Amino acid sequence: MIKVIMNGAMGRMGKEIVKSIEESDDVEIAALIDINGDGKDVLRAIDDFTGDADVIIDFSHHTAVHSVLDYAKKRNIPAVVATTGMTEEELKYIDECAESVPVFRSANMSIGVAVLAAFAAEAARVIPDADIEIVETHHRNKLDAPSGTALLIANEIKTSRPEAEFVCGRSGMKKREDNEIGINSIRCGNVVGIHEVIISTAAETITLKHEAHDRSLFAKGAVSAAKFLIGKRAGLYNIKDMVRV
């Protein structure tokens with residue numbers, strides 16, 4: 001049985017992951033951690049837990065990445081980092097820590113999103129003169145814009161177009177440049193997550209779209225990532241490593 005430390009257990013996604021673990025036959029909760037915990041059933045800090053554990057899942061806030069990975073290194077426990085909105089410094093720290101322990105980082109835990117990103121990158125390669133726009137829609141309470149998933153898709157496209165520049169939002173009086181990847185963010189209602197990639201030339205348009213219907217999709221992906229890390233060498237892993245896209 002794989003024992004999981006769940007950091008961010010009281011958040012929207014944390015609760016979904018806990019539910020997914022409780023429904024699993026080969027994974028169990030080692031500890032629940034949340035800054036708003038009661039200090040007993042849900043600990044307030046990851047350092048408060050000293051029991052046995054096989055892997056950490058962090059779905060809290062990007063500012064927690066230092067404490068989570070410091071703990072992972074100290075106890076030699078692999079970690080799944082599923083939060084978005086990371087700063088450049090935090091991303092660099094994740095890379096550094098991955099030299100010591102296995103770290104799985106993805107802005108989106110959906111296999112479908114990984115497939116979408118791969119298709120978009122291939123389309124960008126095959127149709128080099130196409131304009132590319134990404135439109136992402138999330139619930140009204142999401143903090144980061146553009147979403148981590150939109151940036152994941154954009155960065156995958158950039159592997160086919162290394163000279164491309166991201167333009168987040170569009171306003172004012174300026175012509176679209178040839179090397180742009182537009183990223184447009186919509187926040188409304190209780191939308192789980194919709195990501196659309198538009199690849200368009202003067203003669204034709206291809207539209208690729210992924211829509212998440214339920215947050216359990218991401219919870220199951222996070223648990224699968226935790227299982228994937230067991231027995232892995234130190235290094236930085238992502239969903240492409242897990243699904244071989």
Side-chain angles (χ1 to χ4, degrees), residues 13 62 81-88 91 104-140 142-218 220-222 224-225 236-245:
M13 277 308 309
H62 68 90
V81 178
T83 54
T84 61
M86 295 286 179
T87 65
E88 288 300 320
L91 290 173
F104 188 106
R105 186 184 79 82
S106 180
N108 191 295
M109 290 294 170
S110 162
I111 293 174
V113 165
V115 173
L116 170 66
F119 283 172
E122 181 64 9
R125 184 188 68 81
V126 173
I127 314 173
D129 60 335
D131 296 329
I132 297 178
E133 294 282 324
I134 299 169
V135 182
E136 55 100 350
T137 306
H138 285 88
H139 56 88
R140 69 190 309 274
K142 185 170 178 60
L143 298 178
D144 53 322
S147 70
T149 302
L151 292 173
L152 179 155
I153 295 168
N155 279 308
E156 188 68 17
I157 294 170
K158 198 174 172 69
T159 62
S160 296
R161 296 189 180 183
E163 76 288 350
E165 296 182 0
F166 301 162
V167 176
C168 300
R170 198 176 295 280
S171 63
M173 301 289 291
K174 183 181 179 182
K175 181 183 175 182
R176 190 188 202 283
E177 301 293 336
D178 291 339
N179 66 337
E180 292 181 4
I181 297 176
I183 307 176
N184 308 279
S185 301
I186 299 171
R187 298 290 177 265
C188 59
N190 194 36
V191 178
V192 175
I194 303 172
H195 294 85
E196 187 173 15
V197 184
I198 303 166
I199 303 112
S200 186
T201 69
E204 61 184 348
T205 296
I206 298 171
T207 302
L208 304 171
K209 183 179 180 180
H210 178 273
E211 182 170 357
H213 301 303
D214 192 282
R215 290 180 178 85
S216 62
L217 166 71
F218 309 121
K220 291 175 182 177
S224 295
L236 185 61
Y237 301 89
N238 59 39
I239 200 162
K240 290 175 66 177
D241 298 308
M242 189 168 71
V243 302
R244 301 293 183 185
V245 172

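Since the model is a prediction, treat every value here as computed from it, not as a measurement. We're numbering straight along the sequence, starting at 1. Heavy-atom basis, side chains included; hydrogens, waters and symmetry copies ignored.
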Are more than 12 heavy atoms from other residues, nucleotides or ligands located less than 6.0 Å from atom [atom1] of [X]?
X	atom1	result
F166	CZ	yes
D178	CG	no
E165	CD	no

Backbone of [Y] reached by a side-chain donor or acceptor of [X] within 3.5 Å:
X	Y	result
R161	N179	no
N184	C168	no
K158	A164	yes
T84	A107	no

* Can you name the nearest heavy-atom pair linking A212 to L217, along with the distance? ->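 Heavy atoms of A212 and L217 come nearest at CB-CD2, 3.9 Å.
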
* Considering all heavy atoms of both residues, which atom of H138 and which atom of V192 are nearest to each other, and what is their separation? ->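 Looking at all heavy atoms of both residues, the shortest contact is CD2-O, 3.4 Å.
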
* Asked: Heavy atoms, side chains only, cut-off 4.5 Å: are V197 and I157 in contact?
  ->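 A side-chain contact exists here, since the closest heavy-atom pair is under 4.5 Å.
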
* **Heavy-atom side-chain contact between R105 and L91 under 4.5 Å** =>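 Yes - at least one pair of side-chain heavy atoms lies under 4.5 Å apart.
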
Can you tell me how far [atom2] of [Y] sits from [atom1] of [X], rounded to the nearest 0.5 angstrom?
X	Y	atom1	atom2	value
L116	E156	CG	CD	10.0 Å
E122	I127	CD	CD1	10.0 Å
I199	I134	CD1	CD1	9.0 Å
H210	S110	NE2	OG	3.0 Å
I111	K240	CD1	NZ	14.5 Å
N108	T149	CG	OG1	3.5 Å

* E136 with R187: basic N within carboxylate O range, under 4.0 Å ->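 So E136 pairs with R187 through a salt bridge.
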
* Between R170 and E180, is the closest basic N to carboxylate O distance under 4.0 Å? ->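 Judged by the 4.0 Å cut-off on N to carboxylate O distance, E180 and R170 do form a salt bridge.
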
* **Name of the residue among L236, I239, V81 meeting side-chain contact (heavy atoms from CB on, under 4.5 Å) with F104** =>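 One option only clears the test, and that one is I239.
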
* To do: Evaluate the criterion side-chain contact (heavy atoms from CB on, under 4.5 Å) for residue pair M13 and M109; output intermediate values, then yes/no.
  => CA-CA 11 Å; M13 277 308 309; M109 290 294 170; over 6 Å; no

* To do: Please check if any side-chain donor atom of S147 sits under 3.5 Å from a side-chain acceptor atom of H195, or the reverse.
  =>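 There is such a pair (donor and acceptor under 3.5 Å, judged by atom type) between the side chains of S147 and H195.
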
